[in-house]
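Lettering follows sequence order; numbering is per chain, from 1.
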Amino acid sequence: MTNPSAIQPELHSALEQELRMARLKKIEEYRARGKNPYPPSFECATTAGALQREFESLEKGEETEIRTQIAGRIRSMRNSGMFIDLQDKDGKIQVFCHPDSLNADNFEELKLLDIGDIIGVKGRIRRTPRGELTLNAESFDILSKSLHPLPEKYHGLQDQETRYRQRYLDLIMNDETRNTLRKRAEIIQEIRSYLQAHGFLEVETPMLHPIPGGAAARPFKTHHNTLDMELYLRIAPELYLKRLIIGGLSDKVFEINRNFRNEGISTRHNPEFTMLELYQAYADYKDIMHLTESLVAHVLEKIFGTLILPMGDKMIDFTPPWAKESMCSLVQKHTGINFLEIKDAEAAQAAAQKIGIKVEASAGWGNVIEKVFEERVEAHLIQPTHVTDYPLEISPLAKTHRADGRLVERFETFINTWEIANAFSELNDPVEQQKRFDLQVKNRESGDTEAHHMDYDFLKALEYGMPPTGGLGIGIDRLVMLLTNSSSIRDVIAFPTLKHKA
RNA sequence: GGGCGCGUAGCUCAGUCGGUAGAGCAUCUGACUUUUAAUCAGGUGGUCACAGGUUCGAAUCCCGUCGCGCCCA
């Protein structure tokens, strides 16, 4: 049994304690009247938003005999509680508490109500002479008493840090936060329904990996006590989804789930983030390109009813087909250098240095191209663009390009300068895959902490035969950022990773 | 990891040249009672992020630490 008057460590000031004690006292008074301040349920007949729509045409000053009941949080009170603004999931409605209609018991209990309390109200609908749709309360019940004051009613909650640390307050106070996080849920719902309608099977693969694989990234490490075994939080589901394709669980599988990468935090990076990965047997990267476009276009049409959205001060046009150009061609366009004519790493490094781009002495031909691309091309990719035909050297899981052995069949889609999608014709030659892993292991030994690990278990699976397969990864958080015009990934993740507060 | 900025009442914010800590909202008391950020009168409320330094005197100047934001890597 805890002492309700005990000082909580989070409550520093005397005022905060005082406010809390005053509200605890009101709870006791309410109980003393035989009422339960935390009742088990309340039957809502409608919502504020639904009422606003339903009675849109009710004239000023018009009263009805229509009774309804509604629940919500008290956002403000005027005239000593005579007028209460109630907020629920989809709107606000004014509640009028006057002894003419409100029962005598409840009228006495008005002084026990505070801003922030959740109440249920029964009453009749009218529109006031000033034009406000109003519920003339006949009775109310406290459904949950709030022990803390809400942020300032006019300016709301502004402090960025508090908005992240106490997201529930941000959600109560800021419509924009509610809208963004609801849009996120809708976007994911639409992705699911599109993929399910196109024959994809939704699956779940492990979060705990004995060997972190499927991406170039540093993992979080953890330990299983009973098995006495090191495990890693997954950096990508790729190698397990391919095992499902090998097994023929379905020719089309997808997973929408969290990945974890033990790297920096920025407006575009959160240590845990949500990824869509899908694999389609007998398809190549060109098929996946079309799939990517129609998937995203479907989401936009369903949710926004348009294919053109604002992002910052720009307009992004998602209408398929999207621009498509090879990485080397884009690099040549922006630097004048045609790397396809450059044969070795030394010459590539020299070409990059000549235009003022520093590259490491160990950088191979492909690494140099990637670096030049990042520094000179990415910033220009505003409208949706598939960048194709990446260097093999930086793509250890992709199939060698059918027309050029130095490249792979891969594309990344850039929108608003951000990488949104990454896709390949998947490498399904186990001998070739082993060579690629060997090279990665060598890179790791020479200091590349993001290089892939050798994974014999996966190689063994490949050796049983994986059909030709196209694969796609889409960063859901960044996609949601684009579609909700959000400038920080923290705005599209309900509870972003934060440091301990001092 | 580097640079810049921010941190003052529960919330939103002022705080001049270094001279006793301020406002609005919220809250409490009272008045009023069909309001719309209700209004009127009065009151409560402060670890000025934390720690040190300079100074007769620091929210203010300096150093360090922590947290948040923005830009860069």
Side-chain angles (χ1 to χ4, degrees), chain A residues 7-26 29 48 52 60-63 74-87 91-102 107 110-117 123-124 126-137 146-170 172-174 218 262-270 312 357-360 371 374-375 378-379 417 449-450 486-491 496-502:
Chain A
I7 291 177
Q8 295 184 355
E10 290 296 314
L11 306 179
H12 296 295
S13 76
L15 173 68
E16 218 169 342
Q17 282 301 323
E18 221 175 279
L19 292 172
R20 183 166 176 271
M21 291 304 295
R23 292 186 178 209
L24 285 169
K25 206 176 149 198
K26 287 178 181 175
E29 282 180 47
Q52 296 287 1
K60 281 183 183 179
E62 200 175 332
E63 308 216 355
I74 299 176
R75 281 297 305 272
S76 63
M77 294 192 278
R78 289 178 292 282
N79 292 35
S80 310
M82 183 183 289
F83 296 94
I84 294 173
D85 285 335
L86 211 60
Q87 168 180 295
K92 281 186 194 174
I93 190 166
Q94 179 170 265
V95 173
F96 181 64
C97 294
H98 195 279
D100 286 353
S101 52
L102 185 63
F107 192 74
L110 270 180
K111 63 180 188 298
L112 301 179
L113 295 182
D114 285 297
I115 290 173
D117 291 351
R124 277 180 293 185
R126 67 166 170 129
R127 193 176 290 283
T128 65
R130 302 276 184 105
E132 191 72 39
L133 191 69
T134 297
L135 198 58
N136 270 7
S146 166
L147 298 184
H148 298 286
L150 288 180
E152 210 247 5
K153 63 185 168 188
Y154 187 59
H155 298 94
L157 180 64
Q158 299 293 332
D159 184 73
Q160 199 65 256
E161 188 176 349
T162 308
R163 291 178 56 198
Y164 294 146
R165 289 192 193 278
Q166 292 178 271
R167 184 67 96 178
Y168 48 92
L169 274 184
D170 189 23
I172 291 169
M173 300 303 295
N174 294 321
R218 295 170 61 187
N262 203 342
E263 294 166 353
I265 293 179
S266 77
T267 46
R268 297 215 299 275
H269 300 85
N270 198 62
I357 293 171
K358 286 181 192 161
V359 288
E360 294 185 19
K371 178 94 174 167
E374 282 172 4
E375 295 212 6
E378 281 188 7
T417 78
T449 54
E450 293 187 353
S486 300
S487 58
S488 172
I489 198 170
R490 292 183 158 187
D491 294 330
T497 306
L498 296 174
K499 286 194 195 178
H500 281 297
K501 195 166 182 167

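For U35(B) and G22(B), the C1' atoms lie 30 Å apart once the distance is rounded to whole Å. Atom P of C4(B) sits at a distance of 11 Å from the matching atom of C63(B), rounded to the whole Å. If you take atom C1' in C48(B) and the same atom in A59(B), they sit 5 Å apart, rounded to whole Å. Taking atom P in both C13(B) and G69(B), the straight-line distance is 16 Å, to the nearest Å. For the P atoms, the distance linking U55(B) with C17(B) amounts to 23 Å, nearest Å. Nucleotides U54(B) and G18(B) have their C1' atoms positioned 11 Å apart, rounded to a whole Å. Atom P of A21(B) sits at a distance of 12 Å from the matching atom of U60(B), rounded to the whole Å. When the P atom is compared between G67(B) and G24(B), the two are found 36 Å apart, to the nearest whole Å.
Between the base of U36(B) and the side chain of Thr128(A) there is a donor-acceptor pair shorter than 3.5 Å. For Gln94(A) against U35(B), a side-chain-to-base donor-acceptor contact under 3.5 Å is present. The base of C70(B) has none of its N or O atoms less than 3.5 Å from a complementary donor or acceptor on the side chain of Thr267(A).
Across the interface with RNA chain B, nearest-nucleotide mapping of Lys111(A) and Pro151(A) shows Pro151(A) to be the residue nearer the 5′ end. If you find the closest nucleotide of RNA chain B to Glu152(A) and to Phe96(A), the one lying nearer the 5' end belongs to Glu152(A).
Considering only side-chain atoms of Gln158(A), the nucleotide from C13(B), U34(B), U33(B) that sits closest is C13(B). In this structure, of U12(B), G67(B), U35(B), it is G67(B) that holds the atom nearest to the side chain of Arg165(A). Taking the side chain of Met82(A) as heavy atoms from C-beta on, and the options A26(B), U27(B), U34(B), the nearest nucleotide is U34(B). For Gln160(A), whose side chain is taken as the heavy atoms from C-beta onward, the closest listed nucleotide among A31(B), G69(B), U34(B) is G69(B). Listed candidates were U36(B), C68(B), A26(B). Nearest to the side chain of Leu498(A) is C68(B). Set against C68(B), U34(B), A26(B), the side chain of Ile115(A) has A26(B) as its closest nucleotide. Side chain of Arg130(A), nearest nucleotide from U36(B), U34(B), A37(B): U36(B).
Across all strands shown, C68(B) forms a Watson-Crick or G-U wobble pair, both distances under 3.5 Å, with G5(B).
For Thr134(A) against Gln94(A), the heavy-atom pair with the smallest separation is OG1-NE2, 3.0 Å. A pairwise comparison of heavy atoms in Ala379(A) and Thr417(A) identifies O-CG2, 3.4 Å as the closest pair. Taking all atoms of both residues into account, the shortest heavy-atom contact from Pro149(A) to Leu19(A) is CG-CD1, 3.7 Å. Looking at every heavy atom in both residues, Asp117(A) comes nearest to Ser146(A) through OD1-N, 2.9 Å.
Taking atom CD1 on Ile93(A) and atom P on U36(B), their separation rounds to 18 Å, with Å as the unit. What separates CD1 of Ile265(A) from C1' of C68(B) is a distance of 12 Å, to the nearest Å.
Taking the side chain as every heavy atom from C-beta outward, Pro496(A) and Arg167(A) approach each other to under 4.5 Å.
Note on Lys26(A): only backbone sugar-phosphate atoms sit closer than 4.0 angstrom, heavy atoms only; bases stay farther off. Within the 4.0 angstrom heavy-atom criterion, only backbone atoms of the sugar-phosphate kind lie near Asp159(A); the bases stay farther away. Nucleic acid contact class of Tyr164(A) (heavy atoms, under 4.0 Å, all strands): sugar-phosphate only. Nucleic acid contact for Arg23(A): none, since no nucleic acid atom lies under 4.0 Å from a heavy atom of the residue. Residue Gly131(A) is classed as having no contact, given no heavy-atom separation below 4.0 Å to the nucleic acid.
Dashed line: the shortest gap from a side-chain N or O of Arg78(A) to OP1 or OP2 of A38(B) is under 4.0 Å. Phosphate contact (OP1/OP2 of G67(B), side-chain N/O of Lys499(A), threshold under 4.0 Å): present. In this model, the phosphate group of A26(B) is approached by a side-chain N or O of Lys153(A) to a distance below 4.0 Å at OP1 or OP2.
Atoms CG and CG, on Leu157(A) and Leu169(A) in that order, are 6.0 Å from each other to the nearest 0.5 Å.
In summary, of the residues considered (Arg75(A), Lys153(A), Arg78(A)), a salt bridge (charged side-chain N to carboxylate O under 4.0 Å, His left out) with Asp85(A) occurs for Arg78(A) alone.
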